[in-house]
Amino acid sequence: MRDRLTDGLYGLGWSTVNKLPEPAAAALGRTIADIAWKRRGKSVLRLESNLARVVPDATPERLAELSKAGMRSYMRYWMESFRLPTWSAERVAKNVHIKDAHYLTDGLASGRGVILALPHLANWDLAGVWVTRTLGIPFTTVAERLKPETLYERFVAYRESLGMEVLPHSGGTAFGTLARRLRSGGLVCLVADRDLSASGVEVKYFGETARMPAGPALLAQQTGALLLPVTLWYADESKMQGRIHAPVEVPETGTRTEKTSSMTQALADAYATGITEHPEDWHMLQRLWLADLEPREERT
């Protein structure tokens, strides 16, 4: 019943928001964000706790302002995403500006595969639409298997309608498919700033230890693809900006584990730069740092 309710609510969001005039949809998003922020639920408190590490000198009042702005930014992501299939290429080109895009276009023009690795900043789906509709470049990504399955299928259909090839995160076949796309000179885009599994790579992030996925670094090592960090932010009520950072190079020496650790740390450093500049657009409403994870119960 809960799964069916969740799927139904998302379905209602897609159908209802698409029918609303643009200003009404934006106002609805702000209202929902403000209500959630005032209720001080777990997600809002977690966001404030995360922001306290990003802005360590912030007063409680400043953290409250940032978390309120963060919830509005998060709901803007959803309001935009519900409507993205209707956005024209002209509208995307007008409202999205990505600095240093030459790193991407030059890399692909050389015949080399490219990996874009992003944190949870602003609207990564909109950035994907900019790639497919403004640049005219198809790409492959992965999606977490959500429950219920119908909700996962809804998300896959939505992203495929935006011009993306979507692979399931689980199942063990995604890495091989991504590697084949890269070896053929294709583009892979991955949201890659949180991995709490045992295979995650430990990095220093705002002075404390967190885990991030090893996938981007491993793919770059195995395929020779260019690894590019990307950060995004909202410029105003209608526009989003971003930056493609300089390539993360594969170290010339060291074991595969050492190279993966060094490259993942470089990604984390690039992410931290973007988050520090635009903390209000960082949508991290979950536990991230190892110090915040609940200790596992000892088995007897």
Side-chain angles (χ1 to χ4, degrees), residues 73 76-77 80-81 83-85 87-142 159-166 178 181-193 212-213 215-217 219-220 223-250 263-264 266-278 280-283:
S73 177
R76 174 176 172 176
Y77 161 80
E80 285 180 345
S81 296
R83 303 173 69 94
L84 273 183
W87 281 38
S88 66
E90 292 75 18
R91 180 175 181 183
V92 176
K94 178 182 178 182
N95 288 281
V96 180
H97 177 68
I98 306 296
K99 300 176 182 179
D100 295 325
H102 65 89
Y103 286 124
L104 167 60
T105 54
D106 291 351
L108 291 174
S110 72
R112 190 177 180 185
V114 174
I115 306 161
L116 296 181
L118 305 85
H120 286 78
L121 269 170
N123 193 334
W124 44 96
D125 283 335
L126 178 53
V129 174
W130 176 81
V131 170
T132 60
R133 295 186 182 170
T134 302
L135 299 184
I137 301 171
F139 67 86
T140 304
T141 188
V142 297
R159 289 195 167 104
E160 288 178 342
S161 76
L162 302 177
M164 311 175 191
E165 179 189 22
V166 183
L178 294 175
R181 299 291 183 270
L182 292 168
R183 290 192 182 101
S184 64
L187 173 64
V188 165
C189 299
L190 301 170
V191 179
D193 61 342
M212 293 187 180
L219 283 167
T223 67
L226 199 64
L227 177 56
L228 301 174
V230 180
T231 53
L232 306 168
W233 63 92
Y234 285 125
D236 57 33
E237 292 184 356
S238 63
K239 292 180 172 56
M240 186 179 78
Q241 295 184 2
R243 176 181 295 112
I244 298 179
H245 296 252
V248 173
E249 303 292 348
V250 178
M263 295 171 72
T264 306
L267 288 178
D269 293 342
Y271 299 161
T273 298
I275 293 167
T276 299
E277 293 174 350
H278 304 281
E280 69 280 0
D281 289 325
W282 187 43
H283 305 158

With distance as the sole test, does Asp281 use its side chain to make a donor-acceptor pair with the main-chain N or O of Tyr234 at under 3.5 Å? yes

Donor-acceptor pairs under 3.5 Å, side chain of residues 224-232 to any protein atom, not counting sequence neighbours: which ones?
from	atom 1	to	atom 2	distance (Å)
Thr231	OG1	His245	NE2	2.9

Sequence neighbours left out, what passes salt bridge (charged side-chain N to carboxylate O under 4.0 Å, His left out) with [X]? Give chain and number order.
X      : result
Glu80  : Arg76
Arg91  : Glu22
Glu160 : none

Under 3.5 Å, which donor-acceptor pairs link side chains of residues 126-141 to any protein atom two or more places apart or in another chain?
from	atom 1	to	atom 2	distance (Å)
Thr132	OG1	Gly128	O	3.4
Thr132	OG1	Val129	O	3.2
Thr132	OG1	Leu162	O	2.9
Arg133	NH1	Leu84	O	3.4
Arg133	NH1	Trp87	O	2.4
Thr140	OG1	Glu165	OE1	2.5
Thr141	OG1	Cys189	O	2.8

Mind checking what makes ring pair (Phe, Tyr, Trp, His ring centres under 6.0 Å) contact with Tyr77, not counting sequence neighbours? Trp124

Check whether more than 12 heavy atoms from other residues, nucleotides or ligands sit under 6.0 Å from atom NZ of Lys239, and answer yes or no. yes

Would you mind reporting whether Asp193 and Leu121 have side-chain heavy atoms less than 4.5 Å apart? no

Taking C-beta and beyond as the side chain, do Pro213 and Leu190 meet within less than 4.5 Å on heavy atoms? no

Approximate separation, where rounding is to 0.5 Å, of Leu219 CG and Leu178 CG: 5.5 Å

OG1 of Thr223 to CD1 of Ile115: how many Å apart, nearest 0.5 Å? 5.0 Å

Looking only at non-hydrogen atoms, find the nearest pair between Asn123 and Ser81 and report the distance. ND2-OG, 3.7 Å

Where do Met263 and Ala220 come nearest, in terms of heavy atoms and distance? CE-CB, 3.8 Å

Summary of salt bridge (Lys or Arg N to Asp or Glu O under 4.0 Å) pairs that have at least one residue in residues 267-277, sequence neighbours excluded: Arg243-Glu277

Tell me the salt bridge (Lys or Arg N to Asp or Glu O under 4.0 Å) pairs involving residues 114-127, sequence neighbours left out? Asp125-Arg159

Return each pair, listed once, that meets side chain to side chain donor-acceptor pair (under 3.5 Å) where at least one residue sits in residues 96-114; pairs must be two or more places apart or across chains. none

List in chain and number order the residues that pass side-chain hydrogen bond (donor to acceptor under 3.5 Å, both in side chains) with His278, two or more places apart in sequence or in another chain; answer none if no residue qualifies. none

Would you please name every residue forming a side chain to side chain contact (heavy atoms under 4.5 Å, CB included) with Ala266, sequence neighbours left out? Val248

